[in-house]
Asker: 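Provided herewith is a single structure, encoded as structure tokens, for subsequent inquiry.
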Amino acid sequence: MKGLLHFKCENVVRMSNSVNAYWLRVLDTERYGECDYGKHLLLKYPDAANRVQRRNYSIVGRPDEGLIEIAVKRQAGDGVSASIHQSLTRNSILIADEVSGALTSQSLLRYRRVLMVCGGVGVTLPVGLARGLAKLAEQGNQVPEVHLIVCVPQYDDLIYFTELLALQARYKWLSVATFVTRESVRPGISYLMSGRPDPCRLVNQITAPEAILLCGSGAFVADWERQLRCTFPGAMILNQHRSDTERVPSSPAASERTCKMLLAGSDRVLIGNRGDTLLETLEANGVAISNQCRMGVCGRCSVRLIEGEVESSSSIGLTSLELEKGYCLACCTRPSGEAVTLEL
Ligand code: FES
């Protein structure tokens, strides 16, 4: 934990009717290096009732030395995003608890083929990663082949569209397919389609990816994850978002069964159910562990599995050494047997 970061807003760019991009100058200049493409800021910002809230935003760009870019979609209601759209202007000062996350363009260099699927404003993370990969490619690095599928309900929701087309034209490792799901598109435009993409057809269109990044709402991510796990069973799934309220249990029967959780070095035995994450069971039993993003990215909630069977939907926040030692991410891991023993 390195403490708060301070930013000054230097530019506001209107990307669509509901999305603004903000260029933020990192005032703690020695920490600019931490703000890599794909990392996320835990921003502190007051909502309409002046209550300070914390929200994660991906770093989608580094437009100039010392600057980072985030994009914020204004959601309905009086929440933080509406407040940001209303009051974050040039010269505003703002604070982030920290910048964190293990999913960066650099971290993708370990793969040869990556499939990214995003819905709506979820495109910001793939754009950030593609921009970062472009820089790495220019520096002579071997970057993975990236196939990016962008889904938006309507034309007005398209953001970064022309930039993605330009990147695709320039770099042969990037291919982009954009789908407008609720409006029709004139036939014959190769890079823009109407309707929903069919995950099953992908197997005939691309070589099996080693990793799949899913970004968007919880329902979007859960739906694609379920289908792509069948289409590409060998691929590592890197989920960018899954909110607790939208979480889909692995199966109704599984969620009804309980699981004992033993904590190494303690006499406590916790009771949870197999549909809940380890983090949810720990918290429900009054055991606090460090966590931040709750989506498998920051790596804060890592715990070591000593005994028992689990299923993890993400391990992107872990190093390969931690994986070897049996660590898993408590926010993205569910027990699949009757008992687990964890070292916290
Ligand atoms: S990986 Fe961030 S809280 Fe679990």
Side-chain angles (χ1 to χ4, degrees), residues 1-5 34-44 53-59 70 96-108 110 116 122 124-125 128-129 211-218 221-222 225 236-250 259 261 263 270 272 274-306 308 310-336 340 342-344:
M1 177 78 175
K2 294 183 177 171
L4 302 177
L5 284 105
E34 292 172 39
C35 301
D36 202 358
Y37 297 91
K39 292 216 169 201
H40 53 271
L41 298 182
L42 186 59
L43 213 59
K44 293 168 81 164
Q53 309 275 356
R54 289 177 171 77
R55 292 289 183 276
N56 273 304
Y57 293 101
S58 299
I59 295 176
I70 63 170
D97 264 348
E98 61 179 358
V99 54
S100 61
L103 179 56
T104 61
S105 40
Q106 185 79 38
S107 75
L108 292 181
R110 74 181 78 160
M116 301 181 185
T124 53
L125 180 58
L129 293 170
I212 299 172
L213 173 66
L214 302 173
C215 309
S217 69
V221 167
E225 181 178 345
M236 166 85 82
I237 305 271
L238 317 171
N239 283 355
Q240 195 259 336
H241 177 259
R242 176 178 286 178
S243 74
D244 290 343
T245 50
E246 291 166 311
R247 178 171 53 78
V248 178
S250 46
C259 173
M261 184 183 287
L263 304 181
L270 316 181
R274 297 186 211 178
D276 290 341
T277 63
L278 302 178
L279 180 59
E280 288 166 336
T281 298
L282 288 165
E283 289 179 338
N285 284 275
V287 180
I289 66 164
S290 171
N291 69 88
Q292 187 195 67
C293 67
R294 302 179 81 96
M295 58 178 88
V297 175
C298 74
R300 283 300 184 81
C301 64
S302 65
V303 294
R304 188 155 167 243
L305 179 69
I306 306 289
V310 295
E311 285 174 10
S312 293
S313 59
S314 172
S315 59
I316 189 67
L318 296 172
T319 64
S320 39
L321 188 61
E322 287 170 325
L323 282 169
E324 262 174 44
K325 288 183 174 173
Y327 281 89
C328 59
L329 297 173
C331 67
C332 294
T333 301
R334 294 177 167 78
S336 50
V340 291
L342 303 179
E343 182 182 83
L344 303 184

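Atoms within a ligand are numbered from 1 in the order they appear, just like the ligands themselves. Residues take their numbers from the sequence shown, with the count starting at 1. This is a predicted model, so every value here is computed, not measured.
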Asker: Flag Cys332 as yes if one of its N/O/S atoms falls below 2.8 Å of atom 4 (Fe) of ligand 1, otherwise no.
Answerer: no
Asker: Checking Lys44 now: which residues fulfil salt bridge (Lys or Arg N to Asp or Glu O under 4.0 Å) with it, not counting sequence neighbours?
Answerer: Asp97
Asker: What is the distance from atom CD1 of Ile59 to atom OG1 of Thr124, rounded to the nearest 0.5 Å?
Answerer: 11.5 Å
Asker: Whether Glu98 and Arg300 form a salt bridge (side-chain N of Lys/Arg under 4.0 Å from carboxylate O of Asp/Glu) is what I want to check.
Answerer: yes
Asker: Just which atoms of ligand 1 are under 4.0 Å from any heavy atom in Cys331?
Answerer: 1 (S), 3 (S), 4 (Fe)
Asker: Specify the closest pair of heavy atoms between Leu129 and Ser105, including all atoms of both residues, with the distance to one decimal.
Answerer: CD2-N, 3.4 Å
Asker: Counting non-hydrogen protein atoms only, what is the nearest one to atom 1 (S) of ligand 1? Give residue, atom name and distance.
Answerer: Gly299 N, 3.2 Å
Asker: Could you tell me which atoms of ligand 1, counted from 1 in the order shown, lie closer than 4.0 angstrom to a heavy atom of Asn291?
Answerer: 3 (S)
Asker: Run Leu103 and Leu213 through side chain to side chain contact (heavy atoms under 4.5 Å, CB included) and show every step you take.
Answerer: CA-CA 10 Å; Leu103 179 56; Leu213 173 66; 3.6 Å; yes
Asker: Considering only protein heavy atoms, which is closest to atom 4 (Fe) of ligand 1, and at what distance to one decimal place?
Answerer: Cys301 SG, 2.2 Å
Asker: Measure the distance from atom 2 (Fe) of ligand 1 to every protein heavy atom, then report the residue, atom name and distance (to 0.1 Å) of the closest one.
Answerer: Cys298 SG, 2.3 Å
